Amino acid sequence: MNLHDSEHIAGVLQSAGYRPVDAPEHAGVVVFNTCSVRASAEDRVWGNLGALASRDKRGIVAVCGCMAERLGSQILERSRVVDLVFSVGVLASLPELIDECAHSRMCETGNVQDASIDCLPTVRRGDRAAWVPVSHGCDNQCAYCVVPAVRGPERSRPSEEIVAEVEDLVGEGVLEVVLLGQNVNSYGRDLSGNATFASLLRDVCRVQGITRVKFETSHPRDLGEDILEVMGGEPSACEYLHMPVQSGSDRILAAMNRGYTRDGYLDLIETARRMVPGLTLTTDIIVGFPGETVEDYLMTRDLVLQASFDAAYVFLYSQREGTPAASMEGEVTEPEKHRRFEELVGLQDEITGNSLSMLVGTEQEVLVEGPARRGDLLSARTRGHRVVLIGAQDIRCPLPRVLITAAGRHALRGTAIDRSCARGQAG
Ligand code: 5AD
Ligand code: SF4
């Protein structure tokens, strides 16, 4: 979601005549769009601001995003290089704010609930794939999470607006959309009428010309069979589900206020795999939540083995001020947290490696996203959201069929099967 907000920041600045430069030292304006989910994300921002402070010459420095919502003018007090702190909700007036803050430092944060930036100009990450928010904010109260406080309650966009945006994107040549929400599955609950995520997903999948529809993030409590039915039945709905489990211990899940049990989660993924053949399932896990005993952790480790996720993002619990978990007893020591983290990451790496190697020798339709970070390869994604690196020379169209030739730790290698394009897509 933050990356998509950054596409709007770039869009607004570009419309006002700004152009990107290749390094911060050449910039007239530097905008930090920040995340507050874990302390480490905030620490990186302070580090980057510190690095800018050591330069004599620098442009206007602005900070927005979750840290701006959480800390407001405290950011101006703590870092003397910051000229402007602003809410993404006032993004439309960023060019004027930049002019004003050149005279005196400013903090323009306010009611995040009024934020409606969906219709602002956008500079997208690529020509063929696009993020489309379906809702902003979150109505859940997961005990560890700062998101509801910084992004406000859930506000769903009208479904006609979302479908119209997808139609426009298709008109511009986009082949894949990723529908975004903190909890996409609860989409529509705040709208009058009977909009549900399942009906929205079906409508988006049926937009003429869209070839792939993905979405994230799913909450196990709100992922109903109606959604799985659409995923299994609509050809453009991709076989990809990112559904954080967070813990394998019922005691910790209850303390986290997640609203499901370990067995409930395991049953749900069994249903999902049955209803959506070939599903790629990924998850998030937190280790070291307050009160997590060795037994609780072992339940998580056991769930990881049992669930056999295609990938899992493991996080060290990070205490966030103002969240219910911040005042819970039973802090897990740092070394113990790290021990659990390392063990779980090692275990999941093996499972991820196995899941990737199962794809070697298969044919996959991939969407080319752009140059890979290293070498002269292209980076592409399967319908299951797996990264595939392919040689640039034999790709003529954005949606080629490739043969998977090798599996690395986190990505696949592939070669184009022939030079014709899948589904008649010309380059
Ligand atoms: N500490 C560690 N991880 C967290 N997450 C959210 N809040 C915290 C926290 N306080 C993780 C969850 C979520 C992902 C986006 O970030 O696993 O799914
Ligand atoms: Fe945070 Fe829970 Fe909402 Fe996800 S569902 S954003 S973890 S409160």
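Atoms considered below: every heavy atom in the structure, side chains included; atoms not considered: hydrogens, waters and symmetry mates. In each ligand, atom 1 is the first atom listed, and ligand 1 is the first ligand listed. Values in this document were obtained by computation on a predicted structure and should not be read as measured data. Residues take their numbers from the sequence shown, with the count starting at 1.
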Revision key, fill the gap. Looking only at protein heavy atoms, what sits closest to atom 17 (O) of ligand 1 is Q246 OE1, 2.7 Å

Review point. What are the atoms of ligand 1, with element, lying closer than 4.0 Å to any heavy atom of R320?
Key: 10 (N)

Review point. Would a distance-only check, ignoring hydrogens and angles, find a side-chain to backbone donor-acceptor pair under 3.5 Å from N257 to Q141?
Key: yes

Check your understanding: Are S379 and E369 linked by a side-chain donor-acceptor pair shorter than 3.5 Å?
Key -> no

Exercise for review: Side-chain contact test, heavy atoms from C-beta onward, threshold under 4.5 Å: evaluate it for V388 versus I390 and give yes or no.
Suggested key: yes

Check your understanding: Is it true that D190 and R157 make a salt bridge, defined as a side-chain N closer than 4.0 Å to a carboxylate O?
Key -> no

Point to revise | Short side-chain donor-acceptor distance under 3.5 Å, S186 and E154 | key: yes

**Study point:** Verdict with supporting geometry, F86 and V31, side-chain contact (heavy atoms from CB on, under 4.5 Å)
**Key:** CA-CA 10 Å; F86 71 98; V31 182; 4.1 Å; yes

Review point. Is the distance from atom 3 (Fe) of ligand 2 to the nearest N/O/S atom of C138 under 2.8 Å?
Key: yes

Check your understanding: Can you tell me which residue and heavy atom of the protein come closest to atom 15 (C) of ligand 1, and the distance to 0.1 Å?
Key -> D284 OD2, 3.8 Å

Exercise for review: For V147, counting its heavy atoms only, list the atoms of ligand 2 lying under 4.0 Å from any of them.
Suggested key: 6 (S)

Practice item. Just need the protein heavy atom nearest to atom 7 (S) of ligand 2, so name the residue and atom and give the distance. Key: Y144 OH, 3.4 Å

**Study point:** Ionic contact status for D296 with R340, cut-off 4.0 Å
**Key:** no

Check your understanding: How are the rings of F315 and Y313 set to each other: parallel, tilted or perpendicular (split at 30° and 60°)?
Key -> parallel

**Study point:** Matching residue for Y240 among R383, K214, E216 - test: side-chain hydrogen bond (donor to acceptor under 3.5 Å, both in side chains)
**Key:** E216

Exercise for review: Please report which non-hydrogen protein atom sits nearest to atom 10 (N) of ligand 1, along with the residue it belongs to and the distance in Å to one decimal place.
Suggested key: S318 O, 2.8 Å

Review point. Against heavy atoms of Y317, which atoms of ligand 1 measure under 4.0 Å?
Key: 1 (N), 2 (C)

Review point. Under 4.0 angstrom from ligand 1, any heavy atom of T217?
Key: no

Revision key, fill the gap. Note: ligand 2 atoms sitting under 4.0 Å from heavy atoms of P148 are 8 (S)

Exercise for review: Run the salt-bridge test on E42 and R70 with the 4.0 Å N-O cut-off and return the result as yes or no.
Suggested key: yes

Practice item. Check ligand 1 against I286 and write out every atom of the ligand that is under 4.0 Å from a heavy-atom position of the residue. Key: 3 (N), 4 (C), 5 (N), 12 (C), 17 (O)

Practice item. Could you tell me the residue and atom name of the protein heavy atom closest to atom 4 (Fe) of ligand 2, and the distance to it rounded to 0.1 Å? Key: Q182 O, 4.3 Å

Exercise for review: Specify the protein heavy atom at minimum distance from atom 4 (C) of ligand 1: its residue, its atom name, and the distance to 0.1 Å.
Suggested key: R38 NH1, 3.5 Å

Check your understanding: Nearest to atom 2 (Fe) of ligand 2, what protein heavy atom do you find, and at what distance?
Key -> C142 SG, 2.3 Å

Review point. Under 2.8 Å from atom 2 (Fe) of ligand 2, is there an N/O/S atom belonging to H219?
Key: no

Practice item. For D139 and P153, indicate whether the former's side chain and the latter's backbone hold a donor-acceptor pair under 3.5 Å. Key: no

Review point. Atom 5 (S) of ligand 2: which protein heavy atom is closest, and how many Å away?
Key: N140 ND2, 3.3 Å

Review point. Can you tell me which residue and heavy atom of the protein come closest to atom 1 (Fe) of ligand 2, and the distance to 0.1 Å?
Key: C145 SG, 2.3 Å

**Study point:** Part of Q319 within contact of ligand 1 (heavy atoms, under 4.0 Å)
**Key:** neither

Check your understanding: What part of Y144, side chain, backbone, both or neither, has a heavy atom within less than 4.0 angstrom of ligand 1?
Key -> both

Check your understanding: With a cut-off of 4.0 Å, which atoms of ligand 1 are near a heavy atom of L316?
Key -> 1 (N), 2 (C)

Review point. Is the F289 ring parallel, tilted or perpendicular to the Y144 ring (thresholds 30°, 60°)?
Key: perpendicular

